[in-house]
Amino acid sequence: MSAPVTSPEPAPIALPKTSESAELLKIRHSMSHVMAMAVQKLFPAARVTIGPWTENGFYYDFDNPDPFTEADLKAIKKEMGKIIGRRLPLERIAVTREEAEAKIRAQNEPYKLEILEGLQEPITLYTLGDQWWDLCAGPHVANTSELNPKAFELESVAGAYWRGDETKAQLQRIYGTAWETAEQLAEYQRRKEEALRRDHRRLGKDLDLFSIEDEAGAGLVFWHPRGARMRLLIEDFWRQTHFADGYELLYTPHVADISLWKTSGHLDFYAESMFGPMQVDEREYQLRPMNCPFHVLTYASTLRSYRELPIRWAELGTVYRYERPGVMHGLMRVRGFTQDDAHVFCLPEQIGDEILRVLNLTETILSTFDFKTYEINLSTRPEKSIGDDAVWDLATKGLIDALDRKGWSYKIDEGGGAFYGPKIDLKIEDAIGRMWQCSTIQLDFNLPERFDLNYVAADGSRQRPIMIHRAIFGSLERFFGIMTENYAGDFPFWLAPEQVRLLPVTDEVVPYAEDLLSRLKAAGIRASLDRSGDRLGKLIRTGEQQKIPVLAVIGAKEAEDHAVSLRSRRDGDLGSVAINALLEAGQEANQTRAARLNLPAA
RNA sequence: GCCGGUGUAGCUCAGGGGUAGAGCAACUGAUUCGUAAUCAGUAGGUCGUCGGUUCAAAUCCGAUCACCGGCUCCA
């Protein structure tokens, strides 16, 4: 065995976020001023509004009679380069409200005037040379010579509303990115390309996992055989862990009489997210946007005793929600999706234990997909809410108690809960550092009340149960998209739709390969045989492009030895492996949900 | 829904009022080959959809649908 020849690892280029670097914050903030100055030079009619930094750059919103084009961006960038080259000083000046107002009026900047009205003294502005200034709290670099003209780029132009309010003026937002060095900029652009390479819409098409069909409508997902096989594996795993954790599973209808949604209250506050009702016979039916009322009805179908509690019911419940045109996005935002929904009905004193169970189950499930870093938010009682103080107090303490026992740190979003109960949200971090919210645990004091749920307590009285909603994946579609991007389509062995592909070197060995194929399938290993007749190099290339975890080369030698020559996508050449060893390793990997084959040492 | 952009073969894209183009993929044949592309041939499209202008529309105009980047919203 020879040691691989490696060139020395290049030092990784760190890309600090604005919130992590005071220097970058100043650079980006100043860059937005330079851009605004450039825009107003080239487009004198443009009115300025706000121009903050973002985590990787900056933007500035303008009110301009015409939208900016790509060509405009080029011209603006060029003008910015000139401004930077003039080494203009940026100076902070404290002014009185009256002075500021006079200056703004002189320049006819209505948005700035509106901003000024909301400001407390002291009011500051920043100059940029003697030609341009902006109402701004800073901080900024002292001189444009501190900005690197080779380390910024204007990225895109987009519509945005004044103050984020869609009833207000439509503005033109120009996004840019800025760094200390050209190398950082290049690295940032490389990472953007990496995100593009991982895009689940791209991978879903390339790997033939799913599609969204124009004819059927936006936001409706077609799972192709490969994607469906993966979804089934995910669902099987999910069911297994739920049964093991004391859940029972339900199946409930996708439509129901609209009165159900009147009782639940959804018609009052959720109607605009619902598909319209449909008339059937003499009744109106509603496609469901949520599963909860169905579980509630199931609970209410008979008289419950305190001895039955906690009741844990889960369902892979498909729901339909009306999303406005233009908001759909691959699998991440769709109109029909399946929630891994569960509801726990319990006694007040069981809250802490039940939440802890959910946290443990969440960790078990998410870590199986290699999501091991979480960010947790606890949201407490908002001002407008129902239920009495004692219940809220008990419930919130239950959530905190469970998080503490789990040993997870969390942030508290004071008053961020729903009107009907406090909640825990969990975000997962993917392989390229993006955070995604999937899991949520939500206490609900509202639905039990509305549906008059109760149980018979030890003393014979009727009591109201506590209801916990929870989802771990959130939506299977969305989770599938996130997971696909996390793995960049390079799925672990247990989850890959096609695990092993047999590559015959010549036609002579095809019968042997056929026999091996049926043995692999009988062992529950998802295998195929490439019958294209292409040369080995081409077969390997195709297999690698389709991201098949294990390629098994079969030539005369292998047929003779009852072996295969394995090539692992993750580990490279694994050499010759006996068929029995492959069968065993494949079965074991499937049982243990392993990322790779564990082969006996040769 | 709003702002901007884009819809041409399965995929990536070129063309731009007058007979629809390439590469890859597919299919067929030859080759029987050892770790990321063998060679040759064949087939494939009412140019997203509907309407208008024109002798003539894939091309110009309008509407509509979908997608892309954002805004708003959100699992």
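Basis for what follows: all heavy atoms, side chains included, without hydrogens, waters or symmetry-related copies. Each chain gets a letter, A, B and so on, in the order the sequences are listed, and its residues count up from 1.
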* Asked: Looking at Tyr175(A), does any N or O in its side chain come under 4.0 Å of the phosphate oxygens OP1/OP2 on C71(B)?
  -> yes
* Asked: Going by ring centres under 5.5 Å and near-parallel planes (under 30°), is Phe337(A) stacked on A75(B)?
  -> yes
* OP1 or OP2 of U35(B) sitting under 4.0 Å from any side-chain N/O of Arg535(A)? -> no
* Asked: U12(B) and C3(B): how far apart are their P atoms, nearest whole angstrom?
  -> 28 Å
* To do: Quick one: label Gly533(A) by what it contacts on the DNA or RNA (base, sugar-phosphate, nothing), any heavy atom closer than 4.0 Å.
  => base
* So which of Glu429(A), Gln437(A), Lys411(A) actually passes side chain to side chain contact (heavy atoms under 4.5 Å, CB included) with Glu375(A)? -> Lys411(A)
* Check: Arg478(A) side chain, A75(B) base, donor-acceptor under 3.5 Å -> no
* Within the structure, does a side-chain N or O atom of His329(A) lie under 4.0 Å from either OP1 or OP2 of C67(B)? -> no
* Can a donor-acceptor pair under 3.5 Å be found between the side-chain atoms of Asp507(A) and the base atoms of U32(B)? -> yes
* In whole angstrom, what separates Arg567(A)'s CZ from U35(B)'s C1'? -> 5 Å
* Tell me what Ser565(A) touches on the nucleic acid: a base, only sugar-phosphate, or nothing, going by heavy atoms under 4.0 Å. => base
* When you get a sec, tell me which of G34(B), C68(B), U72(B) is the closest nucleotide to the side chain of Val553(A)? => G34(B)
* Asked: Would you say U12(B) has OP1 or OP2 under 4.0 Å from some side-chain N or O of Arg202(A)?
  -> yes
* C1' atoms of A30(B) and G10(B), separation to the nearest Å -> 26 Å
* Reference residue Phe473(A); test ring pair (Phe, Tyr, Trp, His ring centres under 6.0 Å); the match among Phe371(A), Trp436(A), Phe337(A), Phe479(A) -> Phe479(A)
* **Closest nucleotide among U32(B), A75(B), G34(B) to the Lys557(A) side chain** => G34(B)
* Sole residue of Arg333(A), His329(A), Arg335(A) in side-chain hydrogen bond (donor to acceptor under 3.5 Å, both in side chains) with Glu323(A) -> Arg333(A)
* To do: Measure the acute angle between the ring planes of Phe210(A) and Phe480(A), then classify it against the limits of 30° and 60° as parallel, tilted or perpendicular.
  => perpendicular
* Compare side-chain N and O positions of Arg335(A) against OP1 and OP2 of C74(B) and report whether any pair is under 4.0 Å apart. => no
* Atom C1', compared across A36(B) and G69(B): separation rounded to whole Å -> 34 Å
* With distance as the sole criterion, is a donor-acceptor pair present between the side chains of Arg501(A) and Thr542(A) under 3.5 Å? -> no
* Asked: How close or far is atom P of A37(B) from atom CD of Gln545(A), stated in whole angstroms?
  -> 10 Å
* To do: Describe the nucleic acid contact of Glu323(A) in one word from base, sugar-phosphate, nothing, applying a heavy-atom distance below 4.0 Å.
  => base
* To do: Have a look at Gln172(A) and say if it touches a base, only the backbone sugar-phosphate, or nothing, with a 4.0 Å heavy-atom cut-off.
  => sugar-phosphate
* Do Arg333(A) and C73(B) share a donor-acceptor pair, side chain to base, under 3.5 Å? -> yes
* Heavy-atom neighbours of Lys427(A) NZ exceed 12 at 6.0 Å -> no
* Under 4.0 Å between any heavy atoms, over every strand shown, what does Glu213(A) touch: base, sugar-phosphate, or nothing? Just pick one. => nothing
* For C39(B) versus A25(B), give the span between their P atoms, rounded off to a whole number of Å. => 10 Å
* Would you say Lys192(A) reaches G69(B)'s phosphate, i.e. side-chain N/O to OP1/OP2 under 4.0 Å? -> no
